[in-house]
**Student:** 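Before anything else, here's the structure in question.
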Amino acid sequence: MIEMVQIEYHLTPFRAERFAALYSPIVPRVMAYGAKGYFFYRSEDDPDHFVHGSFWEDRADFHRFWVSHEMQETRQKVSGFYEQPVIPGWSTILERG
């Protein structure tokens, strides 16, 4: 079974460009931890809203990524860009093309 995890970032104003530059390098790194794919997008309606999603067969692999040194380093770099807590949310994929 494939599951999807989604990490949402609601930024404070005027930080979006810098956030994207700092966060983008970590996005494809999920593949090194066993992800089956990923996405990273910025909302057109709310340009301060970013979403990083990835697909996994084993949640333990995601947790290895989430607590990895490189992800911890990235979270430190962007920690002042948002005010709401960042909590990964899981969904079960029912169909995928």
Side-chain angles (χ1 to χ4, degrees):
M1 174 174 35
I2 299 282
E3 293 182 284
M4 179 185 77
V5 65
Q6 194 167 293
I7 309 162
E8 298 195 32
Y9 294 91
H10 297 275
L11 307 183
T12 52
F14 309 111
R15 292 176 172 83
E17 300 306 322
R18 183 79 176 125
F19 172 84
L22 290 170
Y23 194 84
S24 290
I26 198 70
V27 173
R29 292 294 301 145
V30 296
M31 301 301 285
Y33 291 85
K36 301 303 175 192
Y38 63 87
F39 57 88
F40 183 53
Y41 69 82
R42 180 180 186 181
S43 171
E44 286 187 8
D45 294 334
D46 179 3
D48 292 326
H49 181 199
F50 289 80
V51 178
H52 176 195
S54 48
F55 304 99
W56 302 84
E57 289 180 344
D58 187 346
R59 286 188 185 197
D61 290 339
F62 169 77
H63 291 292
R64 282 188 316 108
F65 164 73
W66 189 245
V67 299
S68 69
H69 177 70
E70 59 191 321
M71 186 57 191
Q72 288 180 32
E73 208 171 80
T74 299
R75 285 200 305 269
Q76 285 178 340
K77 288 178 187 176
V78 300
S79 67
F81 290 68
Y82 52 87
E83 294 177 8
Q84 297 175 343
V86 174
I87 301 169
W90 286 92
S91 301
T92 300
I93 302 297
L94 301 177
E95 234 178 279
R96 181 175 165 208

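Worth saying up front: this structure is predicted, and the values here are computed from it rather than measured. Only heavy atoms go into these numbers, but all of them, side chains included; no hydrogens, no water, no symmetry mates.
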**Student:** Check the pair E57 / I2 against side-chain contact (heavy atoms from CB on, under 4.5 Å), numbers first and verdict last.
**Tutor:** CA-CA 5 Å; E57 289 180 344; I2 299 282; 3.4 Å; yes
**Student:** For the atom pair CD (E3) and CZ (F55), what is the distance rounded to the nearest 0.5 Å?
**Tutor:** 12.0 Å
**Student:** Do other residues, nucleotides or ligands put more than 12 heavy atoms under 6.0 Å from R59 CZ?
**Tutor:** yes
**Student:** Looking at F19 versus Y82, is the centre-to-centre ring distance below 6.0 Å?
**Tutor:** no
**Student:** Does any non-hydrogen side-chain atom of V5 lie less than 4.5 Å from one of W66?
**Tutor:** no
**Student:** When you group the ILVMFWY residues by side-chain heavy-atom contacts below 4.5 Å and let the links chain together, are Y38 and W56 in the same group?
**Tutor:** yes
**Student:** side-chain contact (heavy atoms from CB on, under 4.5 Å) with Y41: which residues, sequence neighbours excluded?
**Tutor:** F39, V51
**Student:** Of the non-hydrogen atoms in A16 and R42, which two are nearest, and what is the gap between them?
**Tutor:** CB-NH2, 3.1 Å
**Student:** Could you tell me the separation between the CG atom of L22 and the OG1 atom of T74, rounded to the nearest 0.5 Å?
**Tutor:** 8.5 Å
**Student:** Check each of E70, R64, H63 against Y33 using the side-chain hydrogen bond (donor to acceptor under 3.5 Å, both in side chains) test, and report the only one that passes.
**Tutor:** E70
**Student:** Could you measure the distance from the CD1 atom of I7 to the OH atom of Y23? Nearest 0.5 Å is fine.
**Tutor:** 4.5 Å
**Student:** Ignoring hydrogens and geometry, is there a side-chain-to-backbone donor-acceptor pair from Q72 to V67 under 3.5 Å?
**Tutor:** yes
**Student:** Is there a side-chain contact between I26 and M71 in this structure, where contact means two heavy atoms from C-beta onward sitting under 4.5 Å apart?
**Tutor:** yes
**Student:** Please list, chain by chain and in numerical order, all residues satisfying ring-ring contact (aromatic ring centres under 6.0 Å, His included) with F81, sequence neighbours excluded.
**Tutor:** none
**Student:** Do H52 and V30 have side-chain heavy atoms sitting under 4.5 Å apart?
**Tutor:** yes
**Student:** Under 3.5 Å, sequence neighbours excluded: what are the donor-acceptor pairs made by side chains of residues 86-97?
**Tutor:**
none

**Student:** Can you check whether E73's main-chain N or O pairs, donor with acceptor, with R75's side chain at less than 3.5 Å?
**Tutor:** no
**Student:** Please find the pair of heavy atoms, one from P25 and one from P28, that lie closest to each other, and give the distance.
**Tutor:** O-CD, 3.6 Å
**Student:** Report the distance from atom CD of Q6 to atom OG of S54, rounding to the nearest 0.5 Å.
**Tutor:** 9.5 Å
**Student:** Measuring from atom CG of D61 to atom NZ of K36, what distance do you get when rounded to the nearest 0.5 angstrom?
**Tutor:** 8.0 Å
